[in-house]
Amino acid sequence: MRRIRFASIYLFLLAVLFFILGAYKEWHTLSLINGLENIPPDYPPSLHLLFFLVGFLALCAIYFAEKMEVKILSSINEVLHEEIAMRNRTEKALRESEKRNKDLYAEAKKAEELYRSLFRCSADPIVTYDLKGKVEYISPSFTEIFGWTLKEMKGKQIPFDHEFKKESIVAVIQDLVEHGTPCNGFETKCRTRDRRLLDVSVSASRHNDHEGKSMGTLFLLRDISEKKRVEAQLHYIERMEAIGTLAGGIAHDFNNLMMGMLGNISLTLYDIGPDDPNYKRLKTVERLIQSGSELTSKLLGYARKGKYELKPINLNKILKESSAAFGRARKEIVISKDLAEDLFSVKADGSQLEQVLLNLFINAADAMPEGGDLFLQTANVTHKEMQGKPYNPKPGKYVMIKIKDNGAGMDQKTITRIFQPFFTTKEMGLGSGLGLASAYGIVKGHAGYIDVESEKGHGSVFSIYIPASKELIQKDPIVSERIEEGDETILLVDDEEMVIDVGVQLLEKLGYTVLEARGGKEAIQIYQENKDNIDIIVLDMIMPDMGGSEVYDKIKIIDPEVKVLLSSGYSVEGQATEILKRGCNGFIQKPFNLKSLSRKIRAVLNKSV
């Protein structure tokens, strides 16, 4: 650029010089002409034209040089402007990139802190591994549950002693590492640092770097031991309920069979009197039938459909009486008692709970064949003191009975089956397997709870919890032993032919006029036709065409003052209780004999007298 400027100056000076020379020559020529000088010019005539041409060309050159300079300067200026603009854009892009990088770094740090916070706060243990299966990170909850810390396990493999070596689990983990296929909620078992065995649910995924290359794996382990325990408890309860339903149905049908037998024996004994040579044999048969009835009571007790006559009682009294009777029979057992003096009353069937206690006493004695110690305890407790049990008690107050022995104890497998009917550890013929099953059912039938703690070689502890009652304890009324007769009209309703047959005979023997109905619909029809003559209805509760509850409601609409005595092979609890609450007059459980039937009927009929 400097050279172009020097050239422009040179050409300009040269043009000025030629212009001066041309002007001089022109002046000189004009002078000669004006002076009429005849001196010939010492240069060619056209020299002045040449000087003018050169000057003109010099001036043109200067003009074009200036133009070129302006153009070049303009181009340079444009280039400089472009360079400046590009530099500004570059600086702006750099500033924006720097800001963006700062924002990305801040977001990355925020995300990192968020994930760290999630890892620290997660209630489920979290472990991250590299691709070689070495620990990179352990969450605090993992340390709390499994015992190992990050400091001691960093870069090592955790000695779970788990089931991860199973082929199915190895295949899942291999697929995770090689192909990135996540796995969710597969269940296994892991041992902790202190050798506890936990049920865990494992979810895992592979994490990659920014280029998509695998970096390692993340495992989330959820302790589901409590969930498994609750599930097992639920399955156990469902199984017990199913067995109870079956046992209750069998006992109900068996009670109907015994109703026929006991009724006929009762009629025969009534007719022949004690002097008959067959009287003793028939009394023996009657006792055997009653023993069979006790067996079905155990089944019904397990099914929670036993014969319950609920009233406020003191469990200390029941415990003292039953333990005293047991102690006289098993003198090799030393019985110790710690009974609460201010024990709450409970609304229960005393004879049923006495059966529960005797079953538990016998079970304890069988575990101590050479004698031992039996410790009995009662106490007032609340649901808060029943935590950690294999059930969730309803809020409220309870009376606790604890029965502890120092016998052989039981293993866990036996404990899981001990309340199942017909399960026994005794030799064939030495146990029915119904004692603890009926105890379980009776306690459940009283809205209570029963559990057992035991260890092989260290005895057993049975705990019973019965809901406390605010009702006052009343003295037992004196019951008449004589047979009470009558002359009223009775409608007998039952779907079992044998029950109808023997029932009619029993009622007629007592002096009553009997109408028969072999189903609910027939009973309603007969009552509509004879309601003015019928004094009382003996109504079966379980019938195929129409149940006793529905029959009672329909007859009650026909005659609101009707007297009804419910009859069933099941207990007074459950459906019968609901009918009694609606105004039904009484309940009698099959099988019944002449004496018990006569008392129940007179009790209902005499209420209006």
Side-chain angles (χ1 to χ4, degrees), residues 301 306 308-368 371-391 393-407 409 418-419 435-436 438-454 458-476:
Y308 298 161
E309 296 180 1
L310 304 181
K311 60 182 180 180
I313 60 173
N314 187 308
L315 286 181
N316 279 345
K317 181 176 180 291
I318 300 293
L319 193 63
K320 288 176 182 177
E321 292 174 354
S322 57
S323 63
F326 176 76
R328 288 192 294 270
R330 302 296 292 267
K331 295 183 178 180
E332 72 276 14
I333 306 297
V334 178
I335 302 175
S336 303
K337 293 186 283 289
D338 179 16
L339 309 181
E341 295 181 0
D342 57 345
L343 199 66
F344 298 140
S345 66
V346 298
K347 192 173 184 180
D349 186 316
S351 61
Q352 290 285 338
L353 291 184
E354 185 175 2
Q355 178 184 325
V356 171
L357 295 174
L358 287 173
N359 286 338
L360 294 177
F361 295 162
I362 292 170
N363 186 73
D366 291 341
M368 302 180 291
D373 297 319
L374 185 63
F375 178 74
L376 312 177
Q377 181 187 4
T378 60
N380 295 323
V381 298
T382 67
H383 66 282
K384 296 179 181 179
E385 298 168 73
M386 298 162 62
Q387 301 301 319
K389 298 289 186 179
Y391 42 77
K394 293 182 179 179
K397 296 179 180 179
Y398 293 82
V399 173
M400 180 199 72
I401 303 175
K402 185 170 288 187
I403 302 170
K404 180 179 179 182
D405 66 66
N406 60 348
I418 196 169
F419 294 119
L436 292 179
S438 65
Y440 175 88
I442 291 169
V443 172
K444 287 293 182 183
H446 285 81
Y449 305 92
I450 181 170
D451 62 77
V452 59
E453 298 175 13
S454 185
H458 293 83
S460 302
V461 180
F462 285 86
S463 298
I464 300 171
Y465 300 91
I466 305 295
S469 173
K470 295 181 179 179
E471 296 185 29
L472 298 177
I473 299 172
Q474 299 176 352
K475 293 183 178 180
D476 294 331

Q: Begin with the C-alpha distance, continue with both residues' side-chain angles, and end with the deciding distance and a verdict on side chain to side chain contact (heavy atoms under 4.5 Å, CB included) for Asn363 and Phe462.
A: CA-CA 10 Å; Asn363 186 73; Phe462 285 86; 3.7 Å; yes
Q: Do the side chain of Asn316 and the main chain of Ala340 share a donor and acceptor less than 3.5 angstrom apart?
A: yes
Q: Any sub-3.5 Å donor-acceptor pair from Ser345's side-chain atoms to Leu472's backbone N or O?
A: no
Q: Just how far is it from atom OG1 of Thr378 to atom CD1 of Ile403, taken to the nearest 0.5 Å?
A: 11.0 Å
Q: Mind listing the closest non-hydrogen atom pair of Asn380 and Val399 along with its distance?
A: OD1-CG2, 4.2 Å
Q: Considering non-hydrogen atoms only, spot the tightest contact between Gly459 and Ser454 and give its length.
A: O-OG, 2.9 Å
Q: If you look at every heavy atom in Ser323 and Lys320, which pair is closest and at what distance?
A: OG-O, 3.1 Å
Q: About how many Å separate CD of Glu354 and NZ of Lys317, when rounded to the nearest 0.5 Å?
A: 9.0 Å
Q: Describe, in one word, how the ring planes of Tyr398 and Tyr465 are oriented to each other, choosing from parallel (under 30°), tilted (30 to 60°) and perpendicular (over 60°).
A: perpendicular
Q: When rounded to the nearest 0.5 angstrom, what is the spacing between CZ in Phe326 and CD1 in Ile362?
A: 6.5 Å
Q: Considering non-hydrogen atoms only, spot the tightest contact between Ile313 and Ala348 and give its length.
A: CD1-CB, 4.0 Å
Q: Would you indicate whether Lys394, at its atom NZ, is surrounded by more than 12 heavy atoms from other residues, nucleotides or ligands within a distance under 6.0 Å?
A: no
Q: Can Asp373 and Met368 be said to form a side chain to side chain contact (heavy atoms under 4.5 Å, CB included), step by step?
A: CA-CA 8 Å; Asp373 297 319; Met368 302 180 291; 5.6 Å; no
Q: Write down the atom of His446, the atom of Gln352, and the distance for their closest heavy-atom approach.
A: CE1-CB, 4.2 Å
Q: Atom CE of Met386 and atom OG of Ser463: how far apart are they, to the nearest 0.5 Å?
A: 9.5 Å
Q: Side-chain contact test, heavy atoms from C-beta onward, threshold under 4.5 Å: evaluate it for Gln355 versus Asn359 and give yes or no.
A: yes
Q: Do you know the tightest heavy-atom contact between His383 and Pro393?
A: O-CG, 4.0 Å
Q: Determine, step by step, whether Leu319 and Gln377 satisfy the side chain to side chain contact (heavy atoms under 4.5 Å, CB included) criterion, reporting the C-alpha distance in whole Å, the side-chain angles of both residues, the deciding distance to 0.1 Å, and the verdict.
A: CA-CA 9 Å; Leu319 193 63; Gln377 181 187 4; over 6 Å; no
Q: Does a side-chain heavy-atom distance below 4.5 Å link Leu376 with Leu357?
A: no
Q: Report yes if some heavy atom in the side chain of Phe361 is under 4.5 Å from a heavy atom in the side chain of Ile333; otherwise report no.
A: no
Q: Report the distance from atom CD1 of Ile335 to atom CG of Asp405, rounding to the nearest 0.5 Å.
A: 12.0 Å
Q: Counting N and O atoms only, with roles assigned by atom type, does the side chain of Asn314 sit under 3.5 Å from a partner on the main chain of Leu343, one being a donor and the other an acceptor?
A: no
Q: Hey, what do you get for CD1 (Ile464) to OH (Tyr440), rounding to the nearest 0.5 Å?
A: 13.0 Å
Q: Would you check if Leu374 and Arg330 make a side-chain contact, meaning some heavy-atom pair closer than 4.5 Å?
A: no
